[in-house]
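Along the sequence shown, residues carry numbers from 1. In listed order, ligands and their atoms are each counted from 1. Please read all numbers here as calculations on a predicted model, not as lab measurements. Excluded from the calculations below are hydrogen atoms, water molecules and symmetry mates; all remaining heavy atoms, backbone and side chain alike, are included.
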Amino acid sequence: MTLTGINKALAREESKALKTTTGHSKPAAKKAGAKRIVMLDPGHGGIDTGAIGRNGSLEKHVVLAIAKNVRSILRSKGIDARLTRSADEFIPLYDRVEIAHKHGASLFMSIHADGFTNPSAAGASVFALSNRGASSAMAKYLSERENAADDVAGSKVKNKDHYLQQVLFDLVQTDTIKNSLTLGSHVLRQIKPVHRLHSKSTEQAAFVVLKSPSIPSVLVETSFITNPEEERLLGTTAFRQKIAAAIAAGVVSYFNWFDNHKAHAKRG
Ligand SMILES: [Zn+2]
């Protein structure tokens with residue numbers, strides 16, 4: 001079974017189960033030639049300040065400014081970039097993933113500037129979902145779907161396609177993680193010339209905001225707000241613009257790779 005086939009099968013299953021539920025929505029179908037939608041997710045917000053620098057900079061403000069810069073750069077390149085939050089408001093983690101699905105996003109990127117206990121920790125890093133995270137995401141996703149399907153269809157149909165769904169889900173998410181890792185490497189390659197890297201390759205962890213089963217998702221730690229020098233940089237328009245330009249270039253480069261990759265797959 002090809003991945004396209006799997007996606008179709010999964011989409012069929014989803015449209016059955018999700019018609020009238022409030023469960024995890026499937027990404028909106030892309031029309032041919034439709035603009036790509038990039039969901040940018042400025043971390044934290046509202047009562048959740050995120051990390052705090054020694055001079056009192058708040059991560060939630062810094063990352064919103066950077067995300068807005070990324071949005072305008074991507075828009076100037078014809079990509080429909082949107083924000084999960086454009087103001088200082090609190091959004092629960094699972095809602096951020098849900099927002100990306102509702103908008104039919106092609107990719108999801110959470111932007112952070114977290115802290116560490118050691119103030120000498122510095123540099124940018126990019127994370128994708130770990131496979132272990134994927135299996136627990138699957139469990140959550142399936143349990144939500146089952147609960148939702150139960151409400152709509154009653155318990156009779158509940159377990160019928162359970163095994164098939166698990167297999168399909170696993171394959172789709174494995175592919176999504178592969179694309180997330182590729183996206184991460186494109187972003188790191190663009191950041192490298194403009195800022196030091198905390199880790200050279202995409203790291204993997206079980207971040208809740210990365211748990212979309214079908215949308216390639218990465219979390220970018222632009223730098224450490226607890227590092228005095230990086231806190232200073234994060235406060236400057238020049239650095240915010242520089243790091244945003246690198247992130248946007250990484251997204252564009254990923255989309256170019258993706259299109260070439262797909263063209264190859266079709267020919268082969
Ligand atoms: Zn953060």
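The CD atom of E230 sits 8.5 Å away from the CD1 atom of I243 when rounded to the nearest 0.5 Å.
No close placement of the F255 and H186 rings is indicated, their centers lying 6.0 Å or farther apart. Aromatic pair H44/F90: centroids not less than 6.0 angstrom apart.
Among the heteroatoms counted here (N, O or S) of E59, OE2 is the one nearest to the Zn ion (ligand 1). Closest to the Zn ion (ligand 1) among the N, O or S atoms of H112 is ND1.
A salt bridge is defined here as a Lys NZ or Arg NE, NH1 or NH2 lying under 4.0 Å from an Asp or Glu carboxylate O, and D80 with R36 fails to meet this definition.
D114 lies close to the Zn ion (ligand 1), since one of its N, O or S atoms is found at a distance under 2.8 Å.
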